[in-house]
There are 2 protein chains.
Amino acid sequence: MKTLTHRQQDVLEFIGQTIDNAGAAPTFREIAAHFRFRSVKAAADHVAALRRKGALAGAPRRARALSIVDAADDDWATARALGRRLARLPVYGTIPAGLAEDRRQEARGCVAVDLDTLGIRPTPRTFALEVRGDSMIGRHIVDGDLVVLEHGKMPRHGDVVAALIDNESTLKTFVQERGRPPCLKAENPRYPRLHPVGELVIQGVMVGLIRKVKV
Amino acid sequence: MKTLTHRQQDVLEFIGQTIDNAGAAPTFREIAAHFRFRSVKAAADHVAALRRKGALAGAPRRARALSIVDAADDDWATARALGRRLARLPVYGTIPAGLAEDRRQEARGCVAVDLDTLGIRPTPRTFALEVRGDSMIGRHIVDGDLVVLEHGKMPRHGDVVAALIDNESTLKTFVQERGRPPCLKAENPRYPRLHPVGELVIQGVMVGLIRKVKV
DNA sequence: ATGATTACTATACAGATGTATAGTAATTGG
DNA sequence: CCAATTACTATACATCTGTATAGTAATCAT
């Protein structure tokens with residue numbers, strides 16, 4: 001990655017903020033107006049420099065077609081194709097068994113999650129679960145945490161999964177030891193039960209976590 | 001929500017896909033070309049209808065400035081008022097003492113965080129810190145977690161704060177007992193030291209946490 | 001010292017783009 | 001039946017927008 005100058009970072013940040021706030025990239029003249037450039041070319045030059053250094057992507061000759069290449073990525077080229085997107089994930093208290101079509105009806109609310117931040121690809125079966133209780137305290141998941149899960153994903157040994165037990169969604173660790181049938185383990189000594197997987201439905205595999213701190 | 005006609009849903013879907021793929025909304029002429037309209041007005045009429053019904057937002061008279069109002073929401077009107085906002089927070093490995101102007105130079109990268117999700121108001125002094133080590137394991141903050149902090153906020157008893165100790169940012173719990181000077185406590189029995197607050201700089205108070213699960 | 005890069009001013013232009021007017025045809029609700 | 005809505009065609013226009021040419025000045029590495 002080529003280093004950006006201070007000014008170029010300012011311009012990049014303004015473009016990013018405009019995309020986030022207004023939903024579309026600014027024009028050269030809008031950039032020039034913001035920085036009080038008297039010439040459009042100044043903005044165009046900066047954008048050209050940011051393009052050359054790989055920080056900006058998007059087809060030329062098109063209005064407002066700029067998109068940011070995420071600075072957190074090591075490889076600018078691969079990130080260029082992405083372009084940040086937000087997903088609105090339904091939040092459940094308990095997940096109904098089938099996870100049917102009318103999920104929104106059952107959802108308690110919605111969370112907007114930045115997908116690049118969590119590093120996940122969104123599927124229609126990605127959802128969030130508000131954690132109740134401390135059954136997963138051993139994995140440092142506490143009451144009130146928002147766990148992002150993916151439905152239909154194959155769980156691997158050690159993955160945290162949501163399972164329907166006693167008509168309630170509970171988080172458990174998926175245990176798969178060779179020569180034995182897979183089972184679920186609670187990460188709290190107060191809940192030492194092992195549940196065989198065959199008898200229950202695994203509703204999702206954990207891919208991320210969001211914690212709000214009450215202030 | 002007013003119902004959309006089939007054709008309007010087609011147009012809406014095309015606009016959404018273009019935004020996702022190309023990073024910017026299509027122009028009226030691009031919409032017309034895709035649907036093989038011979039007149040630009042056809043596309044303009046559709047967009048006007050989608051605007052009227054609340055499915056599309058964005059300033060008029062501006063090129064490619066359309067943005068989709070999320071269909072997952074029950075009430076279009078409320079969703080429009082919300083307008084999701086993202087903040088780009090700089091991510092630090094270690095925070096320099098002063099938290100000076102040229103923060104970006106020191107930042108390791110950027111994370112986009114949805115503010116409504118974390119329930120915080122962004123300030124220019126909001127930043128993220130990637131957690132190294134397990135000094136806060138007692139508060140269920142583990143290695144690799146992304147802690148969102150606010151600089152300049154008054155810490156209260158029990159708040160998690162970032163402090164500069166031995167030229168490195170460390171997370172500690174702020175302890176304020178009456179009749180005693182405030183001090184910092186590590187939430188790990190292996191680091192039992194208490195640091196008096198007067199001798200060091202508190203760089204931020206924790207307001208949120210993001211955890212990516214490696215899959 | 002010299003060429004390259006950065007960071008601009010000033011002006012200009014072709015084509016892209018949103019918007020408007022005028023009309024046609026089909027469908028729908030009252 | 002009639003008015004409103006949908007779904008377009010055809011043409012036109014002002015202005016928005018990206019790009020270009022021609023400079024100036026400062027910094028920096030060779």
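Throughout, a chain's letter reflects where its sequence line sits, starting with A, and its residues are numbered from 1.
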Round to a whole Å and report the spacing from CD of A:Gln9 to C1' of C:dT6.
-> 15 Å
From the candidates D:dC8, D:dA10, D:dG18, the one with an atom nearest any side-chain atom of B:Arg38 is D:dA10
base_contact_polar (D:dA10 base, B:Ser39 side chain, donor-acceptor, <3.5 Å) | yes
Please report, rounded to the nearest Å, how far the P atom of C:dA7 is from the CD atom of A:Gln8.
-> 5 Å
Considering heavy-atom distances to DNA chain C, does A:Arg62 or A:Phe37 have its closest nucleotide positioned more toward the 5' end?
-> A:Phe37
Atom pair distance, as rounded to whole Å: NE2 in A:His46 and P in D:dG18 | 16 Å
At under 4.0 Å between heavy atoms, what does A:Phe28 touch on the DNA or RNA strands: base, sugar-phosphate, or nothing?
-> base
A:Leu66 CG to D:dT17 C1': how many Å, rounded?
-> 12 Å
B:Arg64 vs D:dG18: side-chain N/O to OP1/OP2 distance below 4.0 Å = no
Whole-Å distance between C:dT6 P and A:Leu50 CG?
-> 10 Å
For B:Asp10 and D:dT6, what is the distance between atoms CG and C1' respectively, to the nearest whole Å?
-> 14 Å
Inter-residue atom distance B:Glu187.CD - B:Ser135.OG, 0.5 Å rounding = 9.0 Å
Rounded to the nearest Å, what distance is computed from the CZ atom of residue B:Arg61 to the C1' atom of nucleotide C:dT19?
-> 7 Å
Closer to the 5' end of DNA chain D via nearest nucleotide, is it B:Arg36 or A:Ala59?
-> B:Arg36
Base, sugar-phosphate alone, or nothing: which one does A:Ala63 contact when heavy atoms must sit under 4.0 Å apart?
-> sugar-phosphate
What is the nucleic acid contact for A:Arg29, judged by heavy atoms within less than 4.0 Å: base, sugar-phosphate only, or nothing?
-> base
Mind calculating the distance between CD1 (B:Ile15) and C1' (C:dG18) to the nearest angstrom?
-> 14 Å
Inter-residue atom distance B:Asn188.CG - B:Arg139.CZ, 0.5 Å rounding | 13.5 Å
Counting heavy atoms from C-beta on, name the nucleotide in C:dT19, D:dT17, C:dT17 closest to the side chain of B:Glu30.
-> C:dT17
Nearest 0.5 Å please: distance from the CG atom of A:Asp145 over to the CG atom of B:Leu209.
-> 7.5 Å
Pick the nucleotide of DNA chain D nearest each of B:Thr5 and A:Pro26; which residue has the one closer to the 5' end?
-> B:Thr5
Classify the ring geometry between A:His46 and A:Phe37 as parallel (under 30°), tilted (30 to 60°) or perpendicular (over 60°).
-> parallel
Select one nucleotide: of D:dA7, D:dT19, C:dT9, the one nearest the side-chain heavy atoms of A:Ala44.
-> D:dT19
Value rounded to 0.5 Å, distance of CD1 in A:Ile202 from CZ in A:Phe174 | 5.0 Å
Provide a list of protein-nucleic acid N or O atom pairs under 3.5 angstrom, restricted to nucleotides 21-25 of chain C.
none

Value rounded to 0.5 Å, distance of CG in B:Leu171 from CE in B:Met206 = 8.0 Å
Rounded to the nearest 0.5 Å, how far does CG of B:Asp143 lie from CZ of B:Arg211?
-> 11.0 Å
Between A:Phe14 and A:Phe35, what is the ring plane arrangement, given parallel below 30°, perpendicular above 60°, and tilted in between?
-> perpendicular
